2 protein chains.
Amino acid sequence: MDSEADANKAGLSKQTLIVETAFRLFKQNGFYATGVDMIMQEAGISKRTLYKYFRTKGELIVAVLAYYRASYQSHMATVIDPNNRPARDNLLAIFDDAKTWFGDAQFHGCLAVNAMGEFSGKDHAIEDACTDFKRWEIEVLQGLTQQINPNKADELAYKLFVLLEGMSAIALVTKGDYPVDMTAMAAELIDRYC
Amino acid sequence: MDSEADANKAGLSKQTLIVETAFRLFKQNGFYATGVDMIMQEAGISKRTLYKYFRTKGELIVAVLAYYRASYQSHMATVIDPNNRPARDNLLAIFDDAKTWFGDAQFHGCLAVNAMGEFSGKDHAIEDACTDFKRWEIEVLQGLTQQINPNKADELAYKLFVLLEGMSAIALVTKGDYPVDMTAMAAELIDRYC
DNA sequence: GACAAAGTAAACAGATCGGTTTACATTTTT
DNA sequence: AAAAATGTAAACCGATCTGTTTACTTTGTC
């Protein structure tokens with residue numbers, strides 16, 4: 001039909017190619033340390049094309065954070081089985097998944113947290129993308145804790161969120177080697193709300 | 001006696017002036033975003049002096065992280081009363097302190113965590129400074145949990161550490177407004193180890 | 001085959017990066 | 001007073017930064 005359809009037929013539109021390449025590089029090297037030249041060379045596209053789809057590097061970063069959220073969302077869909085499994089098991093599955101997720105030697109921290117570290121107080125659109133991401137993370141937990149204890153769903157969700165964020169931050173330092181079983185810790189917490 | 005003594009008499013040696021200025025700017029703007037020109041202008045010193053005390057920007061960053069640790073250490077000394085207070089109270093005091101600490105509108109996350117986000121896999125000396133800082137944080141907790149439950153001191157310390165790191169990471173997003181009482185959550189955790 | 005869209009490659013812009021060097025002023029020690 | 005150390009101010013270096021522009025090539029559509 002049109003050229004975009006052909007590009008999709010080849011697997012990727014230019015725009016998603018740019019976003020996915022930038023996503024990988026931002027994870028590896030951070031945001032400031034990753035120049036647009038590096039992104040453009042790694043994606044095999046010209047600088048003009050990059051600036052056609054994204055007017056500034058900041059816009060690209062926001063798009064990458066949205067992509068990060070979307071890809072994490074679809075990953076979550078494979079971790080959570082909403083119908084045929086108790087909410088407790090789904091929550092613990094999240095923690096088990098996080099353990100392998102954070103334990104990857106290539107893991108350099110949550111991209112949204114890192115973006116906050118680099119742009120907090122400097123770029124409002126990026127800040128918003130990060131808070132949106134974290135808000136969604138909490139909502140996923142709330143959807144599950146709602147099935148466990150409707151009266152204290154938010155409270156439990158938030159406590160579990162603290163655990164997950166703590167795991168993520170510590171993984172950077174301990175190289176994903178947790179001296180305590182975090183899934184068990186989450187289970188203990190959940191069971192006090194049943 | 002010598003010039004350093006005079007400088008100390010005036011309050012600051014050049015070296016500490018540089019480190020403290022860089023410390024403030026790194027907290028505000030991040031590491032990559034803070035150029036040496038900005039540090040040197042803000043400190044009111046020449047670039048040559050800066051490069052006399054620190055051969056590279058990376059060396060300065062390592063020094064700043066060491067300063068961060070030292071200043072946090074002396075702050076901890078004011079929070080913890082090791083002799084005349086039960087370890088449980090000291091631990092809870094740490095959580096209360098962290099709440100106000102992280103709730104500051106100027107708080108941009110733990111400097112060591114942010115440094116990891118920017119330099120993980122890129123600068124070995126900086127990585128080491130960050131892990132040293134976190135290791136010390138855990139040791140402080142271990143010293144207190146030891147008094148509560150010697151058999152499971154490390155386990156409890158690590159769990160409390162997860163809570164603290166989680167609080168810190170979330171503070172960036174929620175602006176330090178915790179929907180649950182984290183000190184109470186820590187207390188519940190501790191009391192299961194008494 | 002003409003035409004428009006979308007692409008590449010590369011020069012260019014001005015600013016800033018980390019870092020060096022030169023020239024000069026101010027101290028401090030002898 | 002002479003000498004040495006320590007500092008500032010600023011030019012300078014090559015590289016890199018985000019972003020623009022020019023010229024040319026490919027591609028798909030009518």
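Worth saying up front: this structure is predicted, and the values here are computed from it rather than measured.
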Name the nucleic acid region contacted by A/Tyr53, choosing base, sugar-phosphate or nothing; use a 4.0 angstrom heavy-atom cut-off, strictly under. sugar-phosphate

Under 3.5 Å, side chain of A/Ser120 to main-chain N/O of A/Gly117, donor-acceptor pair present? no

In whole angstrom, give the distance that lies between atom CD1 of A/Ile18 and atom C1' of C/dT8. 13 Å

Taking 4.0 Å as the cut-off, does a side-chain nitrogen or oxygen of B/Thr49 come that near to OP1 or OP2 on D/dT8? yes

Check the distance between D/dC17's P and A/Ile61's CD1 and give it to me in whole angstrom. 13 Å

Protein-proximity profile, nucleotides 15-26 of chain C, B/S/- by nucleotide at the 4.0 Å heavy-atom cutoff, equals --SSBBBBB---

Interatomic distance, B/Lys52 NZ vs D/dA4 C1' [rounded to whole Å]: 11 Å

What integer distance in Å separates A/Leu50:CG from C/dA6:C1'? 15 Å

Backbone of A/Gly121 reached by a side-chain donor or acceptor of A/Glu127 within 3.5 Å: yes

Without decimals, in angstroms, what is the distance between B/Lys14 NZ and D/dA5 C1'? 14 Å

In this structure, how many angstroms lie between the C1' atom of D/dG7 and the CG atom of B/Leu17, rounded? 13 Å

CG of A/Leu60 versus P of D/dC17: gap in Å, rounded? 14 Å

Charged N-O contact under 4.0 Å between B/Lys99 and B/Asp181: no

Using only atom types and a distance under 3.5 Å, with no angle test, would you say the side chain of B/Lys57 pairs donor to acceptor with the backbone of B/Phe31? yes

Whole Å only: how far is the CD atom of A/Gln41 from the P atom of C/dA10? 11 Å

Under the 3.5 angstrom rule, does the side chain of B/Ser168 hit a backbone N or O of B/Leu164 as a donor-acceptor pair? no

A/Asp97 side-chain N/O to A/Val79 backbone N/O, donor-acceptor pair under 3.5 Å: no

